[in-house]
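Quick notes on the structure that follows.
Naming convention: chains lettered A, B, ... in sequence-line order (proteins, then strands); numbering from 1 in each chain.
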2 protein chains.
Amino acid sequence: MDNTHDTDLRIEHSPTTLRELAVERLRNAIISARFNGGDRLVERTLCDQLGVSRSVVREAIRVLEAEGLVETMPRSGPVVATLDWPRARQIYDIRRLLEADAAAACARKADAKVHARLQAALAVLEVAVSEGVASRARDTTTAFYEVIFTAAENDIAWEIVKRLNGRISRLRALTLASTNRRISGPAHMARICAAICRSDPAGAAQAVRDHLDDAAEIAHTLLIEAP
Amino acid sequence: MDNTHDTDLRIEHSPTTLRELAVERLRNAIISARFNGGDRLVERTLCDQLGVSRSVVREAIRVLEAEGLVETMPRSGPVVATLDWPRARQIYDIRRLLEADAAAACARKADAKVHARLQAALAVLEVAVSEGVASRARDTTTAFYEVIFTAAENDIAWEIVKRLNGRISRLRALTLASTNRRISGPAHMARICAAICRSDPAGAAQAVRDHLDDAAEIAHTLLIEAP
DNA sequence: TTCGGTATTATGGTATACCAACATACCAAA
DNA sequence: TTTGGTATGTTGGTATACCATAATACCGAA
């Protein structure tokens, strides 16, 4: 009996708790605009809606607070976070810094496998955007960037970016799909992909910055002109 | 009766919940190394130590998990997060990006009041470091950076940086106080302060990067050579 | 009709109870 | 001594109870 690979028999059972399910369900409800910015999140109502006890709801709210999706104000309990332009601007600024850095690192480190993965993600993304379903466009873009951050070995930055994206999720869906752009969302991604695949860190970083400059400009228009 | 400043009479009473107190107490216990990386955080034990019910403890743990100070593994409950060099490296990388950007923005935006505030914070910091109490050095450095981020109007980035600093808190105290540096911690801060006060964005950003390069190198030494 | 006082309801904060799952201790048999 | 089976203890996950506070409704007096 060869015991060299004992770890192959290890049972890795990670039970999903109600809390985790509640977090995910609420997060999606917020991101998909089922709950809008400023909406009260009343614990007992959420209990009814989710079919769980208040303990679970409260802990889930703590998690979502930490993600910036929920704000708890004194005397009025948790509400869905609102987003104004100054905050959105900050989020785009931070993303620009972190995503450009990750793209550059990815361009330096990526091998042929990563290139293939990135190109596959781009293809899926292009289909999703052309189909015009905002949530699909957003999810496939997230997957595209995940390839980049994973290859860049920046999982902490990726966690931060994901959270920031959660906070601007409605904006993001709109800006990705926006048709009044000089360069479409997918075309921006294609430029990022091309720069990474020719191992051009500076070009990749610049392509990311271009994309985010564009997205931020659209977000600004959406937030300032249609409050 | 002039009602122009009705808001001056507004009572802004924000009650501090047990949860908030528990979060703060636990966070400090982790940051100050009373709990070390890998230590089990057993709920019922924490209840006894903190003198609160399990509800409060559980919600506090959810918050600290979100900050990255606590990790909950399947089947073994929450433990204090450990820190290895790859993760520390990422944290220093992200800080470098965000802090350099904030310093540059601060250098562009700061007026004489901000300069004075920054210089005052630097003076306090220098005293604290010379006194050799690590927690004081850390807190005063945090205050120094808070002036910068506030002036840069980057409160979201500041939240992120604070959290990241929490995760490397023990390292941070050691690197700030480290005496085997070509340029001391306070001297680095003085360079940052000087660049900001002469309104030199590029110089400020570079001074921050120099500081963080130095700190990361020391952290690397500490983590790799003394595991 | 307006206003003040009181009663009622809603809600968040906190404590406690219950249960399932896992870990550990103990004991008897081989 | 080793091993298997059982009992016991520990612990996290979840549900529920209780309480204080704030908000709202209601009613009577001016």
Side-chain angles (χ1 to χ4, degrees), chain A residues 1 3 6-7 9-27 29-30 35 38-81, chain B residues 1 3 6-7 9-27 29-30 35 38-81:
Chain A
M1 175 70 167
N3 289 329
D6 268 356
T7 57
L9 295 181
R10 184 176 178 84
I11 296 172
E12 299 280 3
H13 173 53
S14 186
T16 302
T17 61
L18 286 183
R19 179 179 71 235
E20 288 167 336
L21 293 173
V23 166
E24 184 144 350
R25 191 63 60 87
L26 285 176
R27 186 192 287 128
I30 292 170
F35 297 133
D39 282 0
R40 289 291 321 286
L41 294 175
V42 180
E43 290 175 11
R44 289 173 169 100
T45 305
L46 293 180
C47 292
D48 293 338
Q49 290 174 327
L50 293 171
V52 294
S53 73
R54 275 184 66 205
S55 304
V56 176
V57 167
R58 293 181 63 80
E59 290 187 32
I61 287 176
R62 296 292 85 78
V63 175
L64 295 173
E65 275 175 341
E67 297 187 7
L69 294 180
V70 170
E71 294 173 324
T72 297
M73 308 309 294
R75 289 189 308 256
S76 64
V79 301
V80 176
Chain B
M1 176 73 167
N3 288 329
D6 270 356
T7 58
L9 296 180
R10 184 178 179 83
I11 295 173
E12 297 282 2
H13 172 52
S14 185
T16 301
T17 62
L18 286 183
R19 180 180 70 240
E20 287 167 336
L21 293 172
V23 167
E24 184 143 349
R25 192 64 58 89
L26 285 176
R27 186 192 287 128
I30 292 171
F35 296 135
D39 281 359
R40 287 292 320 287
L41 294 175
V42 180
E43 292 175 8
R44 291 174 170 98
T45 305
L46 293 180
C47 292
D48 293 339
Q49 290 173 326
L50 292 170
V52 293
S53 73
R54 274 184 68 206
S55 304
V56 176
V57 167
R58 293 183 62 81
E59 290 188 31
I61 287 177
R62 295 292 85 77
V63 175
L64 295 173
E65 275 175 341
E67 298 187 6
L69 295 180
V70 171
E71 294 172 325
T72 297
M73 309 308 295
R75 290 191 307 262
S76 65
V79 300
V80 176

**Q.** Sequence-distant partners of B:Val42, side chain to side chain contact (heavy atoms under 4.5 Å, CB included), two or more places apart
**A.**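 For B:Val42 the side chain to side chain contact (heavy atoms under 4.5 Å, CB included) partners, ignoring immediate neighbours, are B:Arg40, B:Thr45.
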Q.
Tell me every residue that passes side chain to side chain contact (heavy atoms under 4.5 Å, CB included) with A:Ala81, counting only those two or more places apart in sequence or in another chain.
A.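 Result, side chain to side chain contact (heavy atoms under 4.5 Å, CB included) vs A:Ala81: A:Glu71.
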Could you list the donor-acceptor pairs under 3.5 angstrom formed between side-chain atoms of residues 17-25 of chain A and any protein atom two or more places apart in sequence or on another chain?
unit_1, atom_1, unit_2, atom_2, d
A:Thr17, OG1, A:Glu20, N, 3.1
A:Arg19, NH1, A:Glu59, OE1, 3.2
A:Glu20, OE1, A:Thr17, N, 3.0

Q. What residues, two or more places apart in sequence or in another chain, satisfy salt bridge (charged side-chain N to carboxylate O under 4.0 Å, His left out) together with A:Glu67?
A.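 Counting only residues at least two positions away or on another chain, A:Glu67 forms a salt bridge (charged side-chain N to carboxylate O under 4.0 Å, His left out) with A:Arg27.
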Q) Would you say B:Ser53 reaches C:dA15's phosphate, i.e. side-chain N/O to OP1/OP2 under 4.0 Å? A)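 B:Ser53 to C:dA15 OP1/OP2: side-chain N or O found under 4.0 Å.
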Contacts under 3.5 Å, N or O only, protein and nucleotides 10-13 of chain C:
unit_1, atom_1, unit_2, atom_2, d
C:dG12, OP1, A:Arg40, NH2, 2.9
C:dG12, OP2, A:Glu43, N, 3.4
C:dG12, N7, A:Arg44, NH1, 2.9
C:dG12, N7, A:Arg54, NH2, 3.4
C:dG12, O6, A:Arg44, NH2, 3.0
C:dG13, OP2, A:Arg58, NH2, 3.3
C:dG13, N7, A:Arg54, NH2, 2.9
C:dG13, O6, A:Arg54, NH1, 2.8

Q. Can you name the residues that form a side chain to side chain donor-acceptor pair (under 3.5 Å) with B:Arg44, not counting sequence neighbours?
A.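 So B:Arg44 forms no side chain to side chain donor-acceptor pair (under 3.5 Å) with any residue.
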